[in-house]
Amino acid sequence: MLINEGQKERYKLSIEEGRVVLVARTFRAEKGSVLHSGIFSRELASSFVGAGLTLVFLVVVYFTAGVSLLSYALAAVLFALTTLLSRIFLFKEPFLETLIDKRGFTITLHRPLFKKRVQKSLSQLKDVRVEHRRFEPENPDAVEFVEKIALQHGTVIPGFGKPQDFYNLVLDFDDQSLVILTSDSRDDVEGVLVKLRSFLGMGG
């Protein structure tokens with residue numbers, strides 16, 4: 001049964017009889033890039049791949065058989081297909097799945113090309129906690145410059161150059177600590193923390 005779904009589907013938490021499944025779309029606290037997500041996105045990256053291959057195709061056709069209306073039509077199809085497939089396979093968003101049951105913890109990182117899995121027993125768990133991290137802008141002058149350029153082009157970049165606060169949900173084991181969810185909403189993370197501690201019988 002679905003218990004909670006985070007804002008914009010950042011995470012999904014389901015608690016069934018004897019097991020918990022947490023699927024997190026955000027699980028790393030990182031500084032925002034100068035190429036803000038409002039400017040640079042996975043869709044844009046996919047279109048770059050499509051445009052690059054399409055350009056190569058047209059150059060090869062130009063020097064071999066010469067371009068024609070059919071060549072441009074094929075190039076358009078190639079661009080659309082390459083962009084779509086790149087978005088699905090190359091630039092698909094990774095997600096972290098945490099399964100907790102009587103056998104222990106199975107934490108799986110799902111990525112476009114391959115998966116990474118970590119397994120721990122229940123006895124290895126020492127604590128479940130929330131960790132706060134804040135990133136301050138390192139170069140205010142550069143931030144101001146980028147904002148001015150953006151405004152000159154009629155673009156507003158929400159939140160660019162502002163301090164960024166992240167809250168990590170951390171599992172502390174004997175030998176390592178693993179972040180299984182990250183959000184800029186403390187309420188989101190603490191809500192999941194309460195449910196996990198309750199399921200694990202940790203109280204608090």
Side-chain angles (χ1 to χ4, degrees), residues 5-12 22-98 107-117 133-168 179-185 188:
E5 183 172 312
Q7 184 182 15
K8 296 180 182 178
E9 297 187 358
R10 291 175 184 169
Y11 72 91
K12 288 183 180 180
L22 172 64
V23 176
R25 298 289 175 183
T26 52
F27 46 89
R28 294 190 187 97
E30 299 175 332
K31 294 185 195 179
S33 169
V34 172
L35 292 174
H36 188 271
S37 59
I39 300 174
F40 190 85
S41 64
R42 295 176 186 274
E43 288 75 15
L44 182 60
S46 301
S47 68
F48 284 162
V49 174
L53 288 178
T54 302
L55 180 61
V56 170
F57 169 76
L58 287 174
V59 169
V60 170
V61 170
Y62 176 80
F63 284 107
T64 55
V67 292
S68 63
L69 286 177
L70 179 60
S71 302
Y72 288 119
L74 290 174
V77 172
L78 176 64
F79 173 77
L81 285 176
T82 306
T83 300
L84 178 61
L85 293 176
S86 296
R87 183 65 182 88
I88 293 174
F89 295 106
L90 290 180
F91 298 104
K92 181 180 179 181
E93 294 91 340
F95 65 92
L96 192 70
E97 180 183 60
T98 301
I107 303 167
T108 307
L109 175 58
H110 296 265
R111 294 184 281 199
L113 298 180
F114 57 90
K115 300 178 182 178
K116 181 179 180 181
R117 178 170 294 169
R133 297 190 67 185
R134 164 171 276 218
F135 294 111
E136 300 281 351
E138 294 180 351
N139 192 335
D141 292 335
V143 169
E144 184 179 356
F145 175 75
V146 171
E147 286 181 329
K148 284 182 178 178
I149 295 298
L151 286 174
Q152 288 175 2
H153 291 82
T155 303
V156 177
I157 312 176
F160 182 73
K162 306 297 183 186
Q164 294 176 299
D165 288 284
F166 294 101
Y167 301 90
N168 295 329
V179 175
I180 60 172
L181 172 66
T182 297
S183 176
D184 56 6
S185 168
D188 269 2

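The figures that follow rest on heavy atoms only: side chains count, while hydrogens, waters and symmetry mates do not. Fair warning: this is a prediction, and the values are worked out from it, not measured in the lab.
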Between D188 and Y11, does a side-chain contact (heavy atoms from CB on, under 4.5 Å) hold up when you go through it step by step?
-> CA-CA 9 Å; D188 269 2; Y11 72 91; 3.7 Å; yes
Test side chain to side chain donor-acceptor pair (under 3.5 Å) applied to T64 - qualifying residues, sequence neighbours left out = none
Spacing of CZ belonging to R134 relative to CG belonging to D165, to within rounding of 0.5 Å = 4.0 Å
Can you tell me how far NZ of K116 sits from CZ of R111, rounded to the nearest 0.5 angstrom?
-> 6.5 Å
Could you list the residues that satisfy salt bridge (charged side-chain N to carboxylate O under 4.0 Å, His left out) with R117, not counting sequence neighbours?
-> none
Closest approach of G66 and S71, non-hydrogen atoms and distance?
-> O-OG, 4.0 Å
Exactly one of L84, L55, L74, T54 clears side-chain contact (heavy atoms from CB on, under 4.5 Å) with F79, and that residue is T54
Would you kindly check if the NZ (Lys) or CZ (Arg) of R133 is within the cone defined by 45 degrees around the ring axis of F166 and under 6.0 Å from the six-membered ring centre?
-> no
Using side-chain heavy atoms (C-beta onward) and a distance below 4.5 Å, is [X] in contact with [Y]?
X: L181; Y: N168; result: no
X: V67; Y: Y72; result: yes
X: T83; Y: V49; result: no
X: L58; Y: Y62; result: no
X: I180; Y: F27; result: no
X: L109; Y: K115; result: no

Does a side-chain N-to-carboxylate-O contact under 4.0 Å join D184 and R10?
-> yes
